[in-house]
Amino acid sequence: MAEKYWNPQIETAPLHEMKALQSYRLSAKIREVYEKVPHYRKKMDEAGVKPEDIRSVEDLHLLPFTSKQDLRDTYPYGMFARPVEEVVRIHASSGTTGKQTVVGYTDHDIGIWSECTARALTAAGGDKNDFVHVSYGYGLFTGGFGLHCGAELIKATVIPVSVGNTKRQIQIMKDFGSTILCCTPSYALYLGETLEEMGISTDEIHLKAGIFGAEPWTEGMRRTIEKKLGIRAFDIYGLSEVIGPGVAFECSEQTGMHINEDHFIPEIIDPDTGEVLPEGEQGELVFTAITKEALPLMRYRTKDIAVLSRKKCSCGRTLIKLSKPQGRSDDMLIIRGVNVFPSQVESVLLDLGLTAPHYVLIVDRVDNKDRLEIKVEMSGEMFSDAVRHIEETEAVIQRAVESTLGISAKVTLVEPKSLERAEGKSKRVIDNRVYD
Amino acid sequence: MFIKQISVFVENKAGRLAEITGLLERNNIDIRALSIADTRDFGILRLIVNDPDTAEKVLKDAGFTVSLTQVIAIGVNDEPGGLASAMKTLYENKISVEYMYAFISRTDKTAFVILRVEDNEKAIEVLKKFHIKVLTSEDLYTL
């Protein structure tokens, strides 16, 4: 089957043309943010960089980095480069503290986002004849709306199912004729398993492809999903600070994701020194959004560890390729598609009036589903001679953790000083999941 | 009339009970009675010892989570129905038992029951009124 592109001119552009486009857009965007975002002006002044110093992508390294901390310091709208009346949509993701990381979109930005996910859907074989079944959550989370707008752009038929009620999802899939499924890979697997349980064969449903992202998954998982659902499974990458899903997407070669670099310039840096690393080396992924209006982040540190490659791709796209992220440079965990910071658990315990106890988050993947257990060291105030009271304490912590993190967790109280400590500082995360 | 009970939080892992009992042995502490409440992940070891204050200190110093709880000890006839009548009395007087455990003496035909109830004062008042023998710490330690 011939490869289809949504925007062939951009997706197969020669490198020098892409660099010229990036340079033009970058220098214009830098002038704009310097003028419109006081926080950027201050940062650039402190770094001794003027907008006119940035004339091409080769000058990008001169700019200071942006991080989640900048968004927190300017919460909620301080980093916006457009007045809020031009903003047509707000999304948000969980932050390391109680505060959300807030992102905004102008009408134009929604257009860019639609373009990005339209490219992803087209690369997965989608067109106007398809029924796009979106089982990502709709809401502040960018997953649902991101794929939704791209599916509308390609004139496919969107089925905005959102999350939950798996049996009903399968009924809809069967009856409405869903052909492309969009959700987290773990939910795709769950759907596959439920299909088996319900005794429905893949011939009875019409799915041909799936676009799965928002959490780490393995090649093994890909094969299992493809078999269980009778589809080809494609990876998609994104983060709300940059735009949401669609920053990068996979093609028929299935060996990494093409970055929509006409909108987001990627860099790989050494997370410790901030030095830019050459193509092919592993490091922290950094993005500069050169077309967005509301929140054009400059050199935003994603904390994702990955590799970039310009190796020729059999699909014909020349867009730079991103390896599947190989981990994080901070302690953020992605569990069932939800960002979890260990510090959130600590704030829950403190809010419950428990004096800063030691705890550890243990993540396992059992039957292809993520499972979170939180071990908390028992202190005198939590102890009782009655089992009932201790179990109540566990339940109280569990409910509070679940409502803060937004995912279920098992809470286990353990003996004091029993959790491992490294150089006096306790280890907060044990991730037993295997990544390819 | 109250007895001091030592409660220790014990994770379900090998060697913990050996460690606790060894610690008591080295400090010359004699165990009069014990029970373990166990759940899937942890247990609570409850001990009646001849020197609860020392026991509490050595266990705490060793890093265990320990608490001292006031419980009641009663003596009943070591024969069928001996315990039943005491339980009936508590039930009829609306005293609910959180947990209990029993042991027998070496000398006479008495069985002893450690009771953990919500309201110790009221329980003792009821027990005494119905002529059930309530033991003091001294009674227990000199058994």
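Interface remark: B:Lys60 contributes no atoms to any contact with chain A (heavy atom separation under 4.5 Å). With a 4.5 Å cut-off on non-hydrogen atoms, A:Lys410 touches chain B through its side chain but not through its backbone. Residue B:Glu98 touches chain A through its side chain alone, counting heavy-atom pairs closer than 4.5 Å. Of the two parts of B:Val66, only the backbone, made up of N, CA, C and O, holds a non-hydrogen atom closer than 4.5 Å to a non-hydrogen atom of chain A.
For the residue pair A:Arg72 / A:Gln69, a side-chain donor-acceptor distance below 3.5 Å is found, with atom types taken as modelled. Remark: the A:Tyr187 side chain and the A:Thr166 side chain contain an N/O donor-acceptor pair separated by less than 3.5 Å. Inspection of the A:Thr224 and A:Glu226 side chains reveals no N or O donor paired with an N or O acceptor under 3.5 Å. Side-chain contact check for A:Ser329 and A:Glu284: at least one donor-acceptor pair (N or O, by modelled atom type) lies under 3.5 Å.
The six-membered or imidazole ring of B:Phe9 lies near that of B:Phe42, with a centre-to-centre distance under 6.0 Å.
Interface check for chain A: of the options B:Ser67, B:Gly43, B:Ala37, the most heavy-atom pairs under 4.5 Å are formed by B:Ser67.
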